[in-house]
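Working notes for the structure below.
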Amino acid sequence: MSVGYHIVVCGGIVPDPLQTLEPVKGPAGWGLKNELMLPAILDPWAGHALFEAANLAKSAPGSKVWLVSMGPKAKLQQVMMTIAQKVPFELVVLDGPAGGFVEAHEVGTALAEAIEALPGLDKSKLLVFGGWQSASRGAGATMQIVGEKLGIFDQFQGVDKLEARADGTMRILERVEGGSYQESVVAGPPAVLGWATGELPEPPNNPQVGMQNMRLVMPALQKAKPVKIDGGPEYAKVEIPSQKRETRIVKDTPSEVIAKEIIDWLGA
């Protein structure tokens, strides 16, 4: 039995991690130094969720993928020039902050309200995808809050594999300790899945898909709903983690000694 899914991917943008991200406190609170000048990318965790969503939609006729993203419009437009060439989706834009210093509850609430307002959304077919963590700040709570706000209580975090079965059920593998997986079977949508890295590589650019997406991306950016995030945590101090290296260089050390040191370190 083929089931068409309505898949909503929640994905924010983050500064390119290859840049130096130095926290500074301004009039509006904590942020990153020269944040407006930093190149941005789609959060890598959300990227995995988007690629998995597109792959699932491709295998289930009648499916549709939305990408709901909060961030400054100018930055989102820059990021979409690349992401839009990867997989088909319809963009929904929330014009708001994208830094790692906003409260997860406020962000989750805004995302849930945007999902509720999607025209034509069938919640009986709804799968909400997103990143299990974030490259901006790993609160790990945003997707859970989105699900709670939408009344979806089948939630899975750290997902690496989703198998849609012919009878409509879905088999899900979540990461647990020691490189093992927890296997679950859910009756079907609705469900929330916070993805880890998944199993799919980044798709190659497809100019035809890019042209198709950009027809909807530009109107979505123009219709972006302003979102104001009030409150949030108060930080007494924020700084870049200091580099810590404890490397010893010892010549002619037998491999058995090296292995024993590693085992002792693991057991310490």
Side-chain angles (χ1 to χ4, degrees), residues 9-51 67-87 89 91-108 110-111 114 130-142 197 202-205 207 209-211 213-244:
V9 181
C10 301
I13 57 176
V14 296
D16 189 329
L18 296 179
Q19 306 293 317
T20 299
L21 308 179
E22 182 179 348
V24 294
K25 190 171 186 179
W30 285 96
L32 297 175
K33 186 177 181 180
N34 298 325
E35 187 167 358
L36 294 177
M37 303 296 292
L38 294 172
I41 60 171
L42 182 67
D43 192 312
W45 300 83
H48 293 301
L50 179 62
F51 304 150
L67 173 60
V68 179
S69 188
M70 179 187 294
K73 286 196 294 184
K75 288 290 184 183
L76 278 170
Q77 182 175 351
Q78 169 201 330
V79 173
M80 288 304 129
M81 296 297 287
T82 302
I83 296 301
Q85 298 190 52
K86 300 294 184 184
V87 295
F89 61 84
L91 179 67
V92 178
V93 178
L94 300 177
D95 188 9
F101 299 96
V102 290
E103 175 58 44
H105 182 270
E106 300 294 330
V107 175
L111 293 174
W132 173 40
Q133 297 286 347
S134 168
S136 62
R137 185 166 67 92
T142 304
T197 55
E202 180 174 336
N205 287 342
V209 171
M211 292 177 63
N213 280 337
M214 291 307 287
R215 292 175 184 168
L216 299 175
V217 165
M218 298 311 294
L221 289 166
Q222 293 171 355
K223 294 187 296 184
K225 177 184 176 182
V227 176
K228 184 180 180 182
I229 302 297
D230 295 320
E234 291 288 337
Y235 297 93
K237 183 181 180 182
V238 180
E239 61 184 6
I240 301 175
S242 59
Q243 291 187 348
K244 184 178 180 181

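In this chain, residues are counted from 1 in sequence order.
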Check: [Y] main-chain N/O paired with [X] side-chain donor or acceptor under 3.5 Å:
X	Y	answer
Lys86	Pro203	yes
Ser69	Gly11	yes
Asp43	Ala135	yes

So do the side chains of [X] and [Y] get within less than 4.5 Å of each other, counting heavy atoms only?
X	Y	answer
Met211	Gln85	no
Cys10	Leu67	no
Asp16	Leu38	no
Thr197	Pro44	no
Phe89	Met80	yes
Val217	Met214	yes

Query - Results of side-chain contact (heavy atoms from CB on, under 4.5 Å) for Leu42 - residues two or more places apart only - result: Leu50, Val79, Ile83
Report task. Report the C-alpha distance between Val68 and Val9 in whole Å, list the side-chain angles of each, state the deciding distance to 0.1 Å, and finish with yes or no for side-chain contact (heavy atoms from CB on, under 4.5 Å). Result -> CA-CA 6 Å; Val68 179; Val9 181; over 6 Å; no
Query - Which atom of Ile41 lies closest to which atom of Pro15, heavy atoms considered - result: CG1-O, 4.5 Å
Query - Distance in Å, Asp95 CG paired with Leu221 CG, rounded so as to fall on 0.5 Å steps - result: 9.0 Å
Report task. State the CE-CD distance between Met218 and Gln77, to the nearest 0.5 angstrom. Result -> 4.0 Å
Report summary line: Those residues at least two apart in sequence (or on a different chain) that pass side-chain hydrogen bond (donor to acceptor under 3.5 Å, both in side chains) with Lys75 are none
Query raised in the report: Residues in side-chain hydrogen bond (donor to acceptor under 3.5 Å, both in side chains) with Asn213, at least two apart?
Result: none
Report task. Could you walk me through whether Leu76 and Ile13 pass the side-chain contact (heavy atoms from CB on, under 4.5 Å) test, one step at a time? Result -> CA-CA 7 Å; Leu76 278 170; Ile13 57 176; 3.7 Å; yes
